[in-house]
Engineer: 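Just dropping this structure here.
Order of listing sets the numbers, starting from 1, for every ligand and every atom in it.
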Amino acid sequence: MTLLKFLSRSSGCITSAETVMLEKQSLDEFLSNIDKGKAIIVSLSPQSRASLAVYLGISPLQVFKKLTTFFKSLGVKAVFDTSCSRDLTLIETCNEFICQYKQSQLNIDEKSNPSLPMLSSACPGWICYAEKQLGSYILPYVSSVKSPQQTIGATVKHHICQKMGLRPDEVYHVTVMPCYDKKLEAARGDFVFEMEQGDANKNSLRITEVDSVLTTGEILDLIKLKAVDIETLDDSPLDKMLTNVSEEGYLYGVPGSSGGYAETVFRYAARMLFGREVEGPLAFRSLRNMDFREVTLEVDGKVVLKFALCYGFQNLQNIVRKVKMGRCDYHFVEIMACPSGCLNGGGQIKPKPQQSPRELLQSLETIYMENILVKDPFENPLVKSLYDEWLDHPGSEKAKRHMHTEYHPVVKNVTAQLHNW
Ligand code: SF4
């Protein structure tokens with residue numbers, strides 16, 4: 001169960017306005033926008049590709065190419081890969097971490113003005129919990145970098161649509177994600193901007209970075225609805241404008257099926273702060289369970305970097321408790337609400353009959369890295385060109401405006417609480 005479902009059942013803290021917004025994110029809405037003549041752009045997550053690949057018995061790259069054929073037959077204009085925007089997210093997170101780490105070294109009284117640990121921000125289930133249940137004591141520790149979904153949303157609506165000769169209001173941007181929590185994320189007011197219409201009254205339009213989120217399971221429903229035999233469809237060339245494809249046909253990626261935040265930031269910090277190149281796989285040690293692991297870097301016998309992966313609600317509560325008591329000695333924690341991370345999200349395709357959830361998860365973990373070329377995000381040529389053409393450099397004013405966000409403690413409304421009694 002994702003945190004969104006947990007919270008909605010346990011505390012009534014999904015507002016009625018949010019419920020209405022979520023209802024708009026459906027297959028019917030997606031199909032009706034195609035009929036309205038909007039330019040539809042679909043951005044596909046790597047976890048969704050893996051889920052469909054296991055279900056269909058083909059590779060994730062074939063899934064991508066055949067889904068491109070399928071979506072374009074419905075009238076979709078372009079199909080992108082959110083791994084590309086994830087690299088942008090990772091670079092901004094690396095940059096933010098270095099600043100925070102240096103700040104923590106300068107803070108004379110680190111206890112009263114702490115800047116670490118930095119807690120990752122890509123999981124909306126975790127963010128929803130932090131804002132609605134934990135509030136002001138935890139939010140200053142959460143990275144300000146948007147998730148890959150919202151990063152690709154900002155990139156499409158602020159930059160790519162212009163390159164395609166379209167206005168943001170002419171584009172309907174849909175992401176395909178492993179969980180329902182992403183729908184709530186897309187509906188946040190923080191991810192809406194105003195655009196002047198250019199008429200005499202100077203009226204403005206409200207533009208949403210991501211107009212709709214469909215889960216992997218909903219894409220399978222769409223395939224069934226259209227009675228399409230995906231395996232027999234031709235492969236289409238991939239849209240390279242926002243998809244990292246190497247000359248050999250591999251997709252760029254990072255280790256870590258939930259984004260590789262801890263891994264990427266750890267290597268970068270080791271190099272930038274201590275001049276150490278960390279070669280080979282990182283030596284994560286399991287603590288309480290496989291969903292709570294840590295890795296350290298020692299210099300001259302002293303631990304200088306201590307990072308953790310923390311997945312699932314129980315492990316997450318443990319970290320939160322330590323932060324509250326001022327006893328969390330991690331520098332960075334990659335937090336994901338789902339046990340085993342995003343491959344196990346609530347929107348993924350369910351196990352087939354005779355297949356246990358554990359078997360399915362193992363298949364997903366095996367297939368996830370298929371067709372992937374592991375690359376340093378800083379070496380991604382598409383991301384370099386996004387900085388050159390649009391964002392200037394990591395941490396620039398433009399990058400802060402488009403790639404970062406803010407979190408807000410949510411005061412529960414009395415009606416919602418009473419309703420829950
Ligand atoms: S861990 Fe991943 S799949 Fe689960 S709620 Fe968070 S973002 Fe969604």
Engineer: Measure from NZ or CZ of Lys306 to the centre of the six-membered ring of Tyr330 and say whether it is under 6.0 Å with the direction within 45° of the ring axis.
Structural biologist: yes

Engineer: Indicate if the distance from atom 4 (Fe) of ligand 1 to the nearest N, O or S atom of Cys179 falls below 2.8 Å.
Structural biologist: no

Engineer: Could you tell me which atoms of ligand 1, counted from 1 in the order shown, lie closer than 4.0 angstrom to a heavy atom of Cys338?
Structural biologist: 1 (S), 3 (S), 4 (Fe), 5 (S)

Engineer: Does a side chain donor of either Thr216 or Ser48 reach within less than 3.5 Å of an acceptor in the other side chain?
Structural biologist: yes

Engineer: Check the side chains of His173 and Glu209 for a donor-acceptor pair under 3.5 angstrom, ignoring hydrogens and angles.
Structural biologist: no

Engineer: Would Ala337 count as a contact of ligand 1 if the rule is a heavy atom under 4.0 Å away?
Structural biologist: yes

Engineer: Using distance alone, with no hydrogens and no angle criterion, decide if Ser26 and Asp28 have a side-chain donor and acceptor under 3.5 Å apart.
Structural biologist: no

Engineer: Indicate whether any N or O donor in one side chain lies under 3.5 Å from an N or O acceptor in the other, for Tyr252 and Glu379.
Structural biologist: no

Engineer: Of the listed options (Cys123, Ala122, Gly125), which comes nearest to atom 6 (Fe) of ligand 1 when hydrogens are ignored and any heavy atom counts?
Structural biologist: Cys123

Engineer: Using a strict 4.0 Å cut-off to heavy atoms of Pro124, name the atoms of ligand 1 that fall inside it.
Structural biologist: 7 (S)

Engineer: Going by the order shown, which atoms of ligand 1 are within less than 4.0 Å of some heavy atom of Gly345?
Structural biologist: 3 (S)

